[in-house]
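These notes concern the structure reproduced below.
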There are 2 protein chains.
Amino acid sequence: MKPTVHDIAKIAGVSLATVDRVLNGRPGVRSVTRGKVEEAITSLGYVRDLAAANLAKSRTYSFVFILPANDNSFMIGLHEEVRGAVARSSAERTDIRIVDVPPFDARALVAALEAVLVEKPAGVAFVAIDTRDVRAVTERLRQAGIPMVTLVSDLPDSSRDHYAGIDNIAAGRTAGSLMGRFLSGPFLGEGGATVAVLAGSMLVRDHRERLEGFSAVIDQAYPKVHILPVLEGRDDPALAETMIADTLRRNADIAGIYSLGAGNRGLIRALHRARGPSRPLVIAHELTASTRAALADGVIDAVLNQDAGHEVRSAIRVLKAKADGLPVLAAQERIRIDIFLKDNLP
Amino acid sequence: MKPTVHDIAKIAGVSLATVDRVLNGRPGVRSVTRGKVEEAITSLGYVRDLAAANLAKSRTYSFVFILPANDNSFMIGLHEEVRGAVARSSAERTDIRIVDVPPFDARALVAALEAVLVEKPAGVAFVAIDTRDVRAVTERLRQAGIPMVTLVSDLPDSSRDHYAGIDNIAAGRTAGSLMGRFLSGPFLGEGGATVAVLAGSMLVRDHRERLEGFSAVIDQAYPKVHILPVLEGRDDPALAETMIADTLRRNADIAGIYSLGAGNRGLIRALHRARGPSRPLVIAHELTASTRAALADGVIDAVLNQDAGHEVRSAIRVLKAKADGLPVLAAQERIRIDIFLKDNLP
DNA sequence: GAAATTCTGAGGTACGTAAATCAAAATTTG
DNA sequence: CAAATTTTGATTTACGTACCTCAGAATTTC
């Protein structure tokens, strides 16, 4: 039988009230007595029954999710996953509030985080933007004891407790490696190949890191591949379409395209329009309805994906654990880079 | 506030005892009264507080995991993950027992499942072997109301409730696609390429399915690639080593190897020994210490992986849900095929 | 219409923990 | 050494559900 507070009281030779005082850090216990109780706890291997404790406290974990109100499918999907979690929230003793902020707007994010500071929820998750101001607020949140999880885009070396997202450098490297290997066959050979890169914005860390990883692998392992200057499409389908169409028109010899941000609907439209003699090899991020269809059609060759549902559920699990002061299972919470070819679409 | 049994009693105009009788399917309630209560339940949107219910019942979920006592790293890792779950079990109200059976032994598996039938745990997970006898026992388990989850290797169209493992046909297709594309470059060209396939046993479904998917893609999309007859290494490193060494000696022109089972330590040893002028392209399954090292060294080019930890945790979640008659979150429980190149090793 | 049977209500105890009150004991302070 | 203070004990209520008993009401059966 699992030991209970009653067992501790018996072993330590104190009353239930004293055990409770020790367990919950309440005042009014001499250090001698506290020592006896703690000894009994460790000797019995007592672990508090969280379900019973939460029941007694009639506790609900209140979390805030700050999400950019982006127009692209990935962010819309992320929103949906959080809404799904809200729907399940009553059964999980959580109470999740969604706060929308304008995309790529550090000041709006800071303002939202400051509001969190006032509200004092049990935890907050947000898509980070990497600026000094944002870092500064996170430090204030940490001091206020509010657990923080960054979602999708990280803020390394800051006060955040955890990052629920993929390793974007590794993602970029993987894209580079696939690009290099796939190109080595039918495309390369006569001297070299030109590759275009479409990003959302170099201001967000995840995009910077993907480019970094991609370039590193290409430069090092596939020196015959030449990367054009990055196109910044602000994750906007319409903008992406014109940029890609322009680039394809100007550089007839483009052998590959790496789309490391969102807004792939535009990219795909441009590709469909530009049906030339030989289509370029395309590697994109995020499996959405449109990229999935493009993969199946052979317009896109590979899609690297992060599962928004996993990220949201992981963020919630981690916030809960942090709120309870429990350790997190790192292996469980690592968000993986999914690689989809047309053959392993789920 | 979430509605409770008290609210139901009040709304339905009955006593708490009657609500309890309805909720827990106890006898002694007229259908008119039952109707009133059920109406109140739906109108209030009542959902039973599982944590409180489990506390009241002082319930622990007892699960049995039947695992083959294989010598390869993957199965050893799987064992470890289950043991990890056992270690965490007290906090999760689970009580997991591990039963070891000899590998590739359908009769031993049947015997273990029959023992489960007697023990009547809250659920059972097992690595399936696809025979009539095994199917027959699962039907008896289903009739006994014991939730079943197949782990790693499935038993489709049987009485099992869920499969915690990857789609092996898709995995095989993915391997075929990578093999075809990677070979198209440096290896192919002058007419064709020869590929060897190393499996564990064609008696287990997962291996059959991987081969099926692999062959389908190669035959259809890469007709220049020729697949040698399958080698069956019984997931045994020593046997695999001699088989691969033999094959490499006999067929000097081998361009690729697809290792779809376990026992890769042997494969890797053979590859290291046989350092010829041009090394073959190698795609293997399961990321273990040895395949990871081989990937990093460039001896293996790609590894398809299933995360044993995820599979075990998913199996437990599903068994719990089935035991409680709750729905499972399909998206959460889908086990993904990880593709590792040397660039995205975790 | 009485007896037998079936329903229903009221109430309690339990699960393991939290949190509170109040009295009693121990300790410290002056 | 008495008074003030701190520490501890005993007890209670609560969280939401499960499960039990027993009495009384309603219904059915003869």
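A note on names: the letters A, B, ... follow the listed sequences, proteins ahead of strands, and every chain is numbered from 1.
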Could you tell me the separation between the CZ atom of B/R34 and the P atom of C/dT6, rounded to a whole number of Å? 16 Å

Sole residue of A/K322, A/K320, A/R142, A/H162 in side-chain contact (heavy atoms from CB on, under 4.5 Å) with A/P147: A/K322

Atom-to-atom span, CZ of A/R59 to P of D/dG16 - whole angstrom: 16 Å

Just so I know, are the side chains of B/I8 and B/L44 near enough to count as touching, which here means a heavy-atom distance under 4.5 Å? yes

Aromatic A/Y61 / basic A/R59 pairing, under 6.0 angstrom, 45° off normal: yes

When you check every protein heavy atom under 4.0 Å of nucleotides 24-30 of chain C, what one-letter string (B, S, -) results, 5' to 3'? ---S---

Between the side chains of A/D130 and A/R135, is the shortest nitrogen-to-carboxylate-oxygen separation below 4.0 Å, so that they form an ion pair? yes

Nearest whole Å is fine: how far is C/dT21 P from A/R21 CZ? 12 Å

Any side-chain N or O of A/T18 below 4.0 angstrom from OP1/OP2 of D/dG9? yes

Each nucleotide in nucleotides 13-19 of chain C should get exactly one letter: B, S or -. Can you fill that in based on protein heavy atoms under 4.0 Å? --BBBSB

Before accepting this row, confirm whether a basic side-chain N of the pair B/D20/B/R26 lies closer than 4.0 Å to the acidic partner's carboxylate O. yes

Just checking, is any N or O donor in the side chain of A/H79 or A/D100 under 3.5 Å from an acceptor N or O on the other one? yes

Do NZ/NE/NH1/NH2 and the carboxylate oxygens of A/R334 and A/D167 come within less than 4.0 Å? no

Is it true that the side chains of B/N305 and B/R336 contain a donor and an acceptor less than 3.5 Å apart? no

